[in-house]
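Proteins come first, then strands; the chains are lettered A, B, ... in the order of their sequence lines, and each starts at number 1. Just so it is clear, the model here is predicted, and its values are computed rather than measured.
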There are 2 protein chains.
Amino acid sequence: MTDARRGRPRSDQADRAILGAAADLLTSVGYERLSVEGIAARAGVAKQTIYRRWPSKAAVVAEAVLAAQSGVAIAPPADTGDLRADLQEWALQYGLWLADPVVSAMIRGLVAAAVDSQTNATRLYDHLADPIRTAILSRLTQEAERGTLRKNADLDALIDAILGTMLYRVLSSLTDAPKPDLGGLMNILVDGVRAQ
Amino acid sequence: MTDARRGRPRSDQADRAILGAAADLLTSVGYERLSVEGIAARAGVAKQTIYRRWPSKAAVVAEAVLAAQSGVAIAPPADTGDLRADLQEWALQYGLWLADPVVSAMIRGLVAAAVDSQTNATRLYDHLADPIRTAILSRLTQEAERGTLRKNADLDALIDAILGTMLYRVLSSLTDAPKPDLGGLMNILVDGVRAQ
DNA sequence: AAGTCATCGCAACGGTGCGTATTGTTAATG
DNA sequence: CATTAACAATACGCACCGTTGCGATGACTT
């Protein structure tokens, strides 16, 4: 029997160095000026070591963004009984996270990578959006069970609106700091789904 | 006096051929696989003729997208007195326009170009988003004057939500046809800003 | 201890594409 | 006719992608 894992195993340290270097360069120079050779140089790694793991530059960047984001816990909104206040507070925290230039640069890089390779686009958006979707949906579900939401409210559309607004502001802001205030949006959305 | 326009004038036909070729290639192969040399070849034009007009590939693509979009009239929502129905109808029409693979590819190209060169990002987003913003805002203003909207409703946030949701769906949909249904969103938004 | 084998860093390669420069030609203006 | 600038064609330098060959390294097997 030939064991599937013979020979020298891949270095975990190389993995971390590559992803870390990719994240660093992404935030410092942006996706367009980021090169695989630059990643290799900064990581102290041969280019082949990168291509042995990922098939393309877009895939490396995608993985780096996911790895960096997976360290961030997406806490669901608190449940104080006041949906508006809970979502406002959550949006404030999340908006501040988005306003971080590092985070903005990463998201821009994610979008660029997704435009690059359609194959990974769905996976990327899913991995980034799903935690947020789950977090908000869990809070909305609590609310719905108390009967304080309209029965036919399209909660998916509501979440798309939150995600879309955040993405739009990140992409359309020239400076690295998008307008973080989602308070007005949350007011509209809460009033739009709340039982009358 | 040296007249500013001496010598051979630039060819309008070359302008049209370049922008047309850029738009064609953008929708057929996407931004990633689009090259200035490819544009020149398809337009039957020397590469230098392109670089005499625009400073970079991103600028050419940006101009091509804007030129293609400027032909589309962004009609404001009708005013039948029923804001919900008016916005639903407008969203339906606009959603169908977005679902066109050609339009989706163009928007993806726009985003890619914007990520490429931050310089043009604001100009691009403004040119594309402003007509929509103006169209919706004019309808909302009519409504506000009748006193049927909450006084403190954040109309900018509402418009950001519409634009953001559309953009998010275009970018995150793997197929070329994003989910065009904005009905659920419009319901929430209308209920969220309507006077109680 | 010796052998196996996938990984490692290093280096070079072909290919693509950006943006620039050169050359001779063509269409306007004075 | 002289001047001027855009034109097509073409070559160039450069950066980078993705691939390949090399000898060395290190965990596993026998």
Undergrad: For Leu167(A), run the side-chain contact (heavy atoms from CB on, under 4.5 Å) check against Leu128(A), Leu110(A), Ile107(A), Leu98(A) and tell me which one passes.
TA: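 Option passing the side-chain contact (heavy atoms from CB on, under 4.5 Å) with Leu167(A): Ile107(A).
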Undergrad: How many whole angstroms separate atom CG of Asp12(B) from atom C1' of dA5(D)?
TA: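 So the two atoms are 15 Å apart, to the nearest Å.
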Undergrad: Rounded to whole Å, how long is the line connecting atom CD of Glu32(A) with atom P of dG17(C)?
TA: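 To the nearest whole Å, that distance equals 19 Å.
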Undergrad: Do Arg108(B) side-chain atoms and Val170(B) backbone N/O form a donor-acceptor pair below 3.5 Å?
TA: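 Checked: pair present.
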Undergrad: What pairs of donor and acceptor atoms, side-chain ones from residues 135-142 of chain A against any protein atom, are under 3.5 angstrom apart with sequence neighbours left out?
TA:
unit_1    : atom_1 : unit_2    : atom_2 : d
Ser138(A) : OG     : Ala135(A) : O      : 2.8
Arg139(A) : NE     : Ala78(A)  : O      : 2.8
Arg139(A) : NE     : Asp86(A)  : OD2    : 3.1
Arg139(A) : NH1    : Glu143(A) : OE1    : 2.7
Arg139(A) : NH2    : Asp79(A)  : OD1    : 3.1
Arg139(A) : NH2    : Asp86(A)  : OD2    : 2.6
Arg139(A) : NH2    : Glu143(A) : OE1    : 3.3
Thr141(A) : OG1    : Leu137(A) : O      : 2.6

Undergrad: Could you tell me whether Asp191(A) and Arg194(B) make a salt bridge, using a distance below 4.0 angstrom between a side-chain N and a carboxylate O?
TA: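 So Asp191(A) does not pair with Arg194(B) through a salt bridge.
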Undergrad: Please list all pairs passing the salt bridge (Lys or Arg N to Asp or Glu O under 4.0 Å) test where one or both residues lie in residues 18-28 of chain A, with sequence neighbours left out.
TA: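 Every pair satisfying salt bridge (Lys or Arg N to Asp or Glu O under 4.0 Å) with a residue in residues 18-28 of chain A: Asp24(A)-Arg42(A).
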Undergrad: Nearest whole angstrom, please: distance from the C1' of dG17(C) to the CG of Leu34(B).
TA: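 In whole Å, dG17(C) C1' and Leu34(B) CG are 11 Å from each other.
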Undergrad: Look at the side-chain N and O atoms of Arg6(A) and state whether any lies under 4.0 Å from the OP1 or OP2 oxygen of dT4(C).
TA: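 Indeed not, no polar side-chain atom of Arg6(A) lies that close.
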Undergrad: Taking atom C1' of dA28(C) as reference, at what distance in whole Å does atom CZ of Arg8(B) sit?
TA: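 Going from CZ in Arg8(B) over to C1' in dA28(C) covers 9 Å.
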Undergrad: Inspect the surroundings of CD in Gln13(B) and state if more than 12 heavy atoms from other residues, nucleotides or ligands are less than 6.0 Å away.
TA: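 Result for CD/Gln13(B): open.
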Undergrad: Please tell me which of Val36(B) and Pro9(B) maps to the more 5' nucleotide of DNA chain C, matching each residue to the nucleotide holding its nearest heavy atom.
TA: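 Per heavy-atom nearest nucleotide, the more 5' residue is Val36(B).
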Undergrad: Between atom CD in Glu37(B) and atom C1' in dA9(D), what is the gap in whole Å?
TA: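 Distance check: Glu37(B) CD to dA9(D) C1' gives 13 Å.
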Undergrad: Which residues within residues 21-29 of chain B lie with some heavy atom under 4.0 Å of an atom in DNA chain C?
TA: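 Listed by number, there are none.
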Undergrad: Under the ring-ring contact (aromatic ring centres under 6.0 Å, His included) definition, can you give me all pairs with a residue in residues 80-107 of chain B, not counting sequence neighbours?
TA: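 Every pair satisfying ring-ring contact (aromatic ring centres under 6.0 Å, His included) with a residue in residues 80-107 of chain B: Trp90(B)-Tyr94(B), Tyr94(B)-Trp97(B).
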Undergrad: Look at atom CZ of Arg84(B) and say whether more than 12 heavy atoms of other residues, nucleotides or ligands are closer to it than 6.0 Å.
TA: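 Counting other residues, nucleotides and ligands, CZ of Arg84(B) exceeds 12 neighbours.
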Undergrad: Any salt bridge (Lys or Arg N to Asp or Glu O under 4.0 Å) pairs touching residues 46-60 of chain A, not counting sequence neighbours?
TA: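 Sorted pair list: Asp15(A)-Arg53(A), Glu37(A)-Lys47(A).
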Undergrad: Looking at DNA chain C, which of residues 38-57 of chain A put a heavy atom within less than 4.0 Å of it?
TA: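 Heavy-atom cutoff 4.0 Å gives Gly44(A), Val45(A), Ala46(A), Thr49(A), Arg52(A), Arg53(A).
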Undergrad: Between C1' on dA8(D) and CZ on Arg10(B), what's the gap in Å once rounded to a whole number?
TA: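 In whole Å, dA8(D) C1' and Arg10(B) CZ are 15 Å from each other.
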